[in-house]
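In this chain, numbering begins with 1 at the start of the sequence shown.
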Amino acid sequence: MKTLIIAEKPDMGRTIAAVMEPRAKNNRTYLEGEKYIVTWAIGHLLGLAEPDAYDAKYKRWNIQDLPIIPEQFKIVPNPKTKDQLKMIGELAKRCNAIVNACDAGREGQYIFALIQQQLKLRQPVKRLWISDLTAESIATGFERLRDASEFEFLTQAARARSEADWLIGMNASRAFTTRHNTLLSVGRVQTPVLALIHDREKEIEAFQSQTFYDVWAEFKQDQIKYKGTWQGDRLTKPEEAEEIAAAVRGKTGHITKYDTKQTKEYPFKLYDLTLLQREANAKYGYSAKKTLDVAQALYERHKVISYPRTNSNYVTEQNIDGMHKALRMLGTGPYAELAQQANPNLVHKQNKSVCNPSRVEDHHAILPTLKRPGTLSKEEQNIYDLIIRRFLSHFFPPAEYKMHTVMTQVDKHLFKTSIKELLSLGWKVVLSKADQDKGKKSKAAKKEEEEETDEWTDKKFEIDAGRQVDCIRAEMKEKATQPPKSYTEGTLLKAMESAGKQMENEELREVMKDAGLGTPATRAATIERLKKVGYIEMKGKKILITDKGKMAIELIRHAGVDLLASPEMTGQWERRLHQISKGEAAQEKFMDNVKRFTLSIIDKVKQQPPAPANAFGEETRGKRAGGKGSTRSADASGQTAAKGTRVPAGRGSSAGSATLERASDAAASAAGAARGSSSGSSGASPSRREALGSCPRSSCGGSIIEGRKGYGCSHYKQGCGFVVWKEYAGKQITETMLKSLLTKGQTQLLSFKRKDGSTVKARIVLNEPGTGQLSVREEI
């Protein structure tokens, strides 16, 4: 008999098959070779059942029916992918061994565990645990397959995370929603994140700007000119500042103190996911989700970077040789000049700023693989460029500076000057010219606010401390204290990562020093969820809280369940889940504590008076918790219940929030809007449009029709999410190309232009028949 390999996604499965069974027969939902059958999940094929699976009364949202605490959690197939689940079961019957090749992390472990549970798979299981999808890593990983029993504790942690989130999300969301007659999503991660945004906006609203005055003077000695800032108590009267400026202007001064010291600036840490998301947001304005999606494509589809959902900025000793090989690979191509200047000897096992095994858990920092990129989109190229330049920086010496501190006295007034003189650019040569210039400008802007050090990069600073200087200019400048800045996605990610570090309680701060809000893999989804449920909105890069978001936090805090809005709870959870994954804590005890907390939430919300109908802002006024067509009743005590509101268990930090998103959104908006082909604009219903082919999604039975932006399935209202966009990888997908994708799984041979100007022959390939996801495959 054969061995069944179960990957997490189709693209990953095909990549593994290309290495382990290069001559495998392609059967659309699996590939079969002589030794292995390779198939895949499509993300989560199963999830925790909705409350009405335990009792029909839960179809109606009623606070008196809470809490909902199942004795044993049920799992149910995702109706959109149930055919693939069935296929895995049929394939398993033909195999006597299984390899779990899902993502090497907690969620990947959970995806496989649910499949194994639902299908009652009894075959012995081995675990593939790799950090990138290159052929070399896959082959090595199969040579070193690990026993599934090694990951039993990780599976327990994954189950505990999912079930605990279900309990909090389902119960707290239903309690607050029914009590206050408005859809209120509550989650163990999303709610403290919303509280961070709420509290920052409160600080900004309460801020009162104060005007003050600075005095600066410019001094000259021979050909050297430098500026200094007046030293003294803050000046609040303009006449005082002008008096000082007039007193020193045109006068002679002397240097009372002159210190110099050599300093070094080392490369920034290698990227983990959160750091990559923060910098992509700052440089390109990408949302956290966009950066994650692009990085995932670079990992899965292009195979040019290692596993991106990592929380480590370091590598292990085993990675050093691979880093040297990657450097040699970069020695030809667009990064050749930098790679050839690099010094391989600087990256070694004793370099703790790079190699620190104690700081690596499941996955090392994001690294380039040995595969050269083919045709990348603009976004993919931008993220890849960030990763490559950060990687290369560690093969260069530190930047070196000479710090000058000059104290200049004119009359009785003292001025301070700080100058950072560049001696050697070091690793900063890897930064693009635009980034180097941008760095100078941002420092100059900061200098305006904080009197930051003046940086000299193109000339030498030389001054004789024993000689006099002339004050050639002196001016006062009016300034104002600035409020805290609204969060951007980048700064919010940083706040989520370090949430526990701001705690006043020293013991709790120590407990949470390595735990933040959520995980690198879930933070982007948390921000997106807050947008979707109407708690926050974007204004450019700024994140602003809505009236509904403000009210949600205030209600939670006034109910006496402040812990729901505090980083403390989720940080403690992540720490405990980590301990469970290592066998250092018991899953059962953790779940008992979660159940007790759930009971206390329900008790306190029941005692809370309902919020006024207009407390949530215009955008939510009149919305019912059950969405379109739902009804709600309220008794004299303010008790409320919604009919028809179903709350499916969701992946991520809040099971309940996935529900509320579905309840508050019009069902038809999803596929129709995605295709840009609503009947209102086209004047034609899907059934009257010309069919371009059959939907390749298993058991769908729909036809592919043309929309404004893409080609989608006519059964989108029944839940089919298949869509092929009209533009991909710089090419327009014509009807001829589409028909070729539907019948053959690939287009004819096309020419693509690389960034360096060269061309390459490749085909556009239909990766996922279930969704329409495409990729570019080069012809060798």
Side-chain angles (χ1 to χ4, degrees), residues 2-24 31 33-40 95 97-106 108-109 111-112 124-151 154 270-272 295-296 298-310 312 314-330 344 347-349 354-357 359-374 387-388 391 780:
K2 298 179 181 180
T3 296
L4 179 64
I5 300 171
I6 302 176
E8 186 163 325
K9 295 178 183 175
D11 195 45
M12 297 169 66
R14 294 189 181 98
T15 301
I16 290 170
V19 176
M20 303 308 298
E21 289 283 9
R23 297 180 181 177
L31 296 102
E34 294 180 3
K35 184 178 178 183
Y36 296 106
I37 299 175
V38 184
T39 190
W40 42 79
C95 299
I98 296 175
V99 174
N100 172 7
C102 293
D103 272 359
R106 190 169 73 193
Q109 192 68 18
I111 286 171
F112 179 83
V125 176
K126 294 290 185 181
R127 184 61 158 111
L128 177 68
W129 194 269
I130 55 178
S131 289
D132 63 64
L133 291 172
T134 59
E136 182 182 32
S137 292
I138 291 168
T140 302
F142 270 88
E143 289 172 6
R144 302 172 182 172
L145 287 173
R146 297 164 68 176
D147 195 84
S149 61
E150 294 181 46
F151 300 91
L154 184 62
L270 291 167
Y271 285 124
D272 61 8
Q296 199 70 18
L298 291 171
Y299 164 66
E300 284 183 14
R301 189 184 316 148
H302 300 287
K303 304 167 189 65
V304 294
I305 66 168
S306 62
Y307 186 71
R309 297 170 184 251
T310 175
S312 178
Y314 300 91
V315 303
T316 66
E317 295 173 348
Q318 289 72 37
N319 299 122
I320 298 298
D321 182 55
M323 291 178 74
H324 287 168
K325 288 178 179 177
L327 178 66
R328 290 194 289 274
M329 180 271 292
L330 294 169
V347 173
H348 51 79
K349 295 176 182 178
V354 175
C355 182
N356 191 342
R359 302 291 297 275
V360 179
E361 292 180 3
D362 294 335
H363 297 283
H364 55 70
I366 302 173
L367 299 174
T369 66
L370 303 183
K371 188 176 186 302
R372 297 181 187 280
I387 293 166
I388 292 298
F391 168 78
I780 300 173

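- With sequence neighbours excluded, the residues that form a ring-ring contact (aromatic ring centres under 6.0 Å, His included) with F142 are Y36.
- Contact check for T134 versus L370: no side-chain heavy atoms found under the 4.5 Å cut-off.
- Partners of H363 by ring-ring contact (aromatic ring centres under 6.0 Å, His included), not counting sequence neighbours, listed by chain and number: W129, Y307.
- Nearest heavy-atom pair, L327 versus P344, reported as atom, atom and distance to 0.1 Å: CD2-CG, 3.9 Å.
- The OG1 atom of T310 sits 14.5 Å away from the OH atom of Y271 when rounded to the nearest 0.5 Å.
- A distance of 7.0 Å separates CG of D103 from CD1 of I111, quoted to the nearest 0.5 Å.
- With sequence neighbours excluded, no residue satisfies salt bridge (Lys or Arg N to Asp or Glu O under 4.0 Å) with K349.
- Judged as a side-chain hydrogen bond (donor to acceptor under 3.5 Å, both in side chains), and not counting sequence neighbours, the contacts of N356 are S358.
- Closest heavy-atom contact between A365 and L270: CB-CB, 3.6 Å.
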Step by step, work out the side-chain contact (heavy atoms from CB on, under 4.5 Å) result for N100 and F151. CA-CA 11 Å; N100 172 7; F151 300 91; over 6 Å; no
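- At least one donor-acceptor pair closer than 3.5 Å links the side chain of T15 to the backbone N or O of D11.
- Taking the side chain as every heavy atom from C-beta outward, W40 and L31 approach each other to under 4.5 Å.
- The nearest pair of heavy atoms linking A24 to G33 is CB-N, 3.9 Å.
- Side-chain contact between I16 and L128 is present, with at least one heavy-atom pair separated by less than 4.5 Å.
- The ring-ring contact (aromatic ring centres under 6.0 Å, His included) check on F112 picks up nothing, with sequence neighbours excluded.
- S306 contributes atom OG, which lies 8.0 Å from atom CG of N319 (distance to the nearest 0.5 angstrom).
- Note that the CD1 atom of I138 and the CE atom of M12 stand 8.5 Å from one another [nearest 0.5 Å].
- Remark: P124 engages no residue in a side chain to side chain contact (heavy atoms under 4.5 Å, CB included) (not counting sequence neighbours).
- Within the 3.5 Å criterion, the main-chain N or O of R359 finds a donor-acceptor partner in the side chain of S312.
- Closest non-hydrogen pair, A326 versus P368, comes out as CB-O, 4.1 Å.
- In this structure, the side chains of M323 and H364 stay at 4.5 Å or more apart for every pair of heavy atoms.
- For K371, there are no side-chain hydrogen bond (donor to acceptor under 3.5 Å, both in side chains) partners, not counting sequence neighbours.
- One N or O on the side chain of H324 and one on the backbone of V347 form a donor-acceptor pair closer than 3.5 Å.
- A heavy-atom distance below 4.5 Å is found between the side chains of D147 and K126.
- With no hydrogens or angles considered, a side-chain donor-acceptor pair links T316 and Q318 at under 3.5 Å.
- Partners of R127 by salt bridge (Lys or Arg N to Asp or Glu O under 4.0 Å), not counting sequence neighbours: none found.
- When every heavy atom of L367 is checked against every heavy atom of V315, the shortest pair comes out as CD1-CG1, 3.9 Å.
- With sequence neighbours excluded, the residues forming a side-chain hydrogen bond (donor to acceptor under 3.5 Å, both in side chains) with T39 are Q84, listed by chain and number.
- Sequence neighbours left out, the pairs with a member in residues 299-308 that pass salt bridge (charged side-chain N to carboxylate O under 4.0 Å, His left out) are K9-E300, R301-E380.
- By the salt bridge (Lys or Arg N to Asp or Glu O under 4.0 Å) test, R146 pairs with E150, sequence neighbours left out.
- Residues satisfying the salt bridge (Lys or Arg N to Asp or Glu O under 4.0 Å) test with E21, not counting sequence neighbours, are none.
- Atom CG of D132 is separated from atom CG of L298 by 13.0 Å, given to the nearest 0.5 angstrom.
- Contact detail for R372 and M329: the closest heavy-atom pair is NH1-O, 2.9 Å.
- Distance check: C355 SG to E317 CD gives 5.0 Å after rounding to the nearest 0.5 Å.
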